[in-house]
Protein chains: 2
Amino acid sequence: MINIVIVDDHELFREGLVLVLGQVDNFNIVADYNSGDEFLKQIDPLEVDVVLMDIKMEGLNGIETTIKLKEIKPDIKVIAVTMFVEDSYYLQMINAGAHGFVLKKAGKYELMQAVTEVNSGGNFFSQEILKKMAFKAINKEVEKEKALSPREVEVLKLICKGLSSKEISEELFLSPKTIEVHRSNLLRKTDQKNIAQLVIWALKNNHISLG
Amino acid sequence: MINIVIVDDHELFREGLVLVLGQVDNFNIVADYNSGDEFLKQIDPLEVDVVLMDIKMEGLNGIETTIKLKEIKPDIKVIAVTMFVEDSYYLQMINAGAHGFVLKKAGKYELMQAVTEVNSGGNFFSQEILKKMAFKAINKEVEKEKALSPREVEVLKLICKGLSSKEISEELFLSPKTIEVHRSNLLRKTDQKNIAQLVIWALKNNHISLG
DNA sequence: TTGTCACTAAGGGTTTTCCCTTAGCGTAAT
DNA sequence: ATTACGCTAAGGGAAAACCCTTAGTGACAA
């Protein structure tokens, strides 16, 4: 019997997942939470083998939650769940200790396979994720250049809100010219050619959300 | 007993919905489909009371599917399901004959209420949708101006792909100046101030998707 | 028939973005 | 200590976006 916990702030999706996996033989849904905080608060007495963890959540996100979980319960396996292949956080998630990675658009059989695999000590990654990883591994020197600095992320979010360089400079008490530099670096690092593409990129990489 | 069909191309979400609603007393999930085409093709022999219909789908979308459904089976009630409050298609959906409208982030109890209400001849709209409708009704003269023309939608999609006015003009065999006009009209009609905001608006209003 | 509106196009102007360069400062790693 | 890098800032220039006006066409409706 595999004891499973689900952490996801999308209510209907989570409830659906509970039922989909709950009807599988050998799967036992121990509990489900809509935030990392709630989960960590109540994890202690539970008997858990595998956690299905959404990456993007209010409060503690999946990465932070996974790191803290591994500190107190290093034996619990984590499978990251995300919406997009492009999500750049998956490397951080693996770094935090995740053993698997599936997309939300995956079917239930893929998810079942992931849970079984990871529970028995293996790894499981959706095909799309593996392709992405292979591609990044091949071009790793390019990859290294692409990590965004905190300042760049800050500027990125304001750009996506529709602020001009001048407005952003006033918001952050910087020169407009500095913002222009950040803008250029953002386009270069993300490999996008203008703001329209940058906004889409930011969404797919979970730097902003539509909520 | 209320006979329910679910039409949604998001596999895990749909499977989850089937199980969540399937365990409710008096609810009977007749079938579920991942596209409007599939649904219409197989609707004929089925005994159906209520259809939960995603708006944004590959192939036939929720609106088109609802219109065709109403032509052949006018008594079947439709509840539209969507991701965002901003989704401007909800008016078209109501026009197509939908009796209810819920957000995907709604909980299962809200969904259950919607199904029950609509089945017994009533309407059900999420609170957020009602607010939006009330607001639009108040400002209806503004509203009328905001319907996008086919050409504008076409240009909008290309803008969101990151094409410049010049590139779009080449794609559509038009003058760059014409595209600039469409651009201005898009910003004015959607009440957004630049491309960053326009892209977000297009996503929330289901003109483009991240898929 | 008159009016409205989508679509087309152009002129002309301001602002913003985009892209390049150079450069000083501070911090952290080797 | 030298290197590397993030952050800051500026100059300069090309391109694109943004915003206004005017205007002709065709289609569709009152």
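Labels below follow one simple rule: chain letters A, B, ... track the order of the sequence lines, proteins then strands, and each chain is numbered from 1.
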Whole-Å distance separating the [atom1] atom of [X] from the [atom2] atom of [N]:
{"X": "A:N194", "N": "C:dC19", "atom1": "CG", "atom2": "C1'", "result": "14 Å"}
{"X": "A:L148", "N": "D:dC7", "atom1": "CG", "atom2": "C1'", "result": "15 Å"}
{"X": "A:N185", "N": "D:dC5", "atom1": "CG", "atom2": "P", "result": "13 Å"}
{"X": "B:R151", "N": "D:dA27", "atom1": "CZ", "atom2": "C1'", "result": "16 Å"}
{"X": "B:K189", "N": "D:dC18", "atom1": "NZ", "atom2": "C1'", "result": "18 Å"}
{"X": "B:L198", "N": "C:dT16", "atom1": "CG", "atom2": "C1'", "result": "16 Å"}
{"X": "B:L186", "N": "C:dC7", "atom1": "CG", "atom2": "C1'", "result": "13 Å"}

From CA spacing to verdict: side chain to side chain contact (heavy atoms under 4.5 Å, CB included), A:V5, A:D32
CA-CA 6 Å; A:V5 163; A:D32 62 288; over 6 Å; no

Using a strict threshold of under 4.0 Å (side-chain N to carboxylate O), is an ion pair present between [Y] and [X]?
{"X": "B:E11", "Y": "A:K105", "result": "no"}
{"X": "B:D54", "Y": "B:R14", "result": "no"}
{"X": "B:E154", "Y": "B:R151", "result": "yes"}

Could you check which residues of residues 161-183 of chain B get a heavy atom under 4.0 Å from DNA chain C? Sort them by number, please.
B:L174, B:S175, B:K177, B:T178, B:V181, B:H182

Please step through salt bridge (Lys or Arg N to Asp or Glu O under 4.0 Å) for the pair A:K161 and A:E171, ending with a clear verdict.
CA-CA 12 Å; A:K161 279 173 71 178; A:E171 186 97 1; 5.3 Å; no

Which nucleotide in C:dA6, C:dT17, D:dC7 has an atom nearest any side-chain atom of A:I195
C:dT17

Within 45 degrees of the axis of the six-membered ring of B:F13 and under 6.0 Å from its centre: does B:K104 put its NZ or CZ there?
yes

For B:E152 and for A:K193, locate the closest nucleotide of DNA chain C by heavy-atom distance; then report the residue assigned to the nucleotide nearer the 5' terminus.
B:E152

